Each structure stands twice: as structure tokens, then as C-alpha cells.
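Have a look at the structure below, then the notes.
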Amino acid sequence: MLTVVLDQRDGWWSEASVSEVRAVTVVSVELAVGEITVVLELDARAPTSGSFTLAGRLQTVFGKDCAVRRSFQFSTDGQSAQIALVGNDLPKPRGGGRGRRILRSWA
């Protein structure tokens, strides 16, 4: 199982879905104020890497509603995982601050 938690300090996710999966199956996508949790099941053939795309809508604290899409790549040794963001298509928070980060992930 691979769990990825993302936070969004300048807003919240109002909807989200995971698609374009490689080497995983989506178990759940849970929305909470300020963060989103994506739980993935690694394919039975014990992959060491894979990818997925997260898409949805982000509501900002400034009253904006933005469509977002972000692709991720991961690698794992079965004990821990490394997650990398691919591309740069999430909206920047107002003022150019650091409004998004991977909060935690584990295999």
C-alpha cells in the first residue's frame, strides 16, 4: 500500500480524482480541509516504480476556484517511498508563496 498526503495551505480541495495510473490501483481519495490523502495499492508483481495523476478543483482562501492537475512519479523498495511531482501545473498561491507540499508518504 502506498499512501500520499498533500497539503494546501492556501485553500482546500473541493473535488479530486486519480487517473493515468501505472503499477498501482486506486484504493481511495479522501478530501479534508487543507489536505488530500491518496491511497494506492501496488500491483501484485511488486513494482519498484509507477505513476498517477491527480486532478480536481481547488478553492482558495481568496475566493478563487481553480481546476488543477498534477502528475506524480514514485519509487519504492517496499519499506519506504519517494514521490516526485512532474510538471508545474498546480496554480501558484497568491503572492507566490509556498502553498503546496507533500506532507508525508509511506509504503
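Values in this document were obtained by computation on a predicted structure and should not be read as measured data.
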Q: Please assess V26 against V24 for the test side-chain contact (heavy atoms from CB on, under 4.5 Å), listing each intermediate value before the final yes or no.
A: CA-CA 7 Å; V26 179; V24 294; 5.9 Å; no

Q. Once you round to the nearest 0.5 Å, how far does CG of D65 lie from CZ of R57?
A. 4.0 Å

Q | Shortest non-hydrogen separation from W13 to I36 and the atoms involved | A | NE1-CG2, 3.6 Å

Q) Are the side chains of F74 and V4 in touch, meaning some heavy atoms are under 4.5 Å apart? A) no

Q) OG1/T3 to CG/L40 distance, rounded to the nearest 0.5 angstrom? A) 7.5 Å

Q | Residue pair V86 / R70: nearest heavy atoms and the distance that separates them | A | O-NH1, 3.4 Å

Q) Once you round to the nearest 0.5 Å, how far does CD of Q82 lie from CG of D77? A) 8.5 Å

(Q) Tell me the closest heavy-atom pair linking V29 and A16, and the distance in Å. (A) CG1-CB, 4.0 Å

(Q) If I compare all heavy atoms of A23 with all of S49, which pair ends up nearest, and what's the gap? (A) CB-O, 3.4 Å

Q | Donor-acceptor side-chain pairing of E41 and T25 below 3.5 angstrom | A | no

**Q.** Nearest-0.5 Å distance, CG of residue L85 to OG of residue S71
**A.** 9.5 Å

Q.
Do L54 and L6 have side chains that approach each other closer than 4.5 Å (heavy atoms only, starting at C-beta)?
A. yes

Q) Roughly how far, to the nearest 0.5 Å, is CD of Q73 from OG of S51? A) 6.0 Å

Q. Looking at CG of L42 and OG1 of T76, how far apart are the two atoms once the value is rounded to the nearest 0.5 Å?
A. 6.0 Å

Q. Among side-chain atoms of E20 and T53, is any donor-acceptor pair under 3.5 angstrom?
A. yes

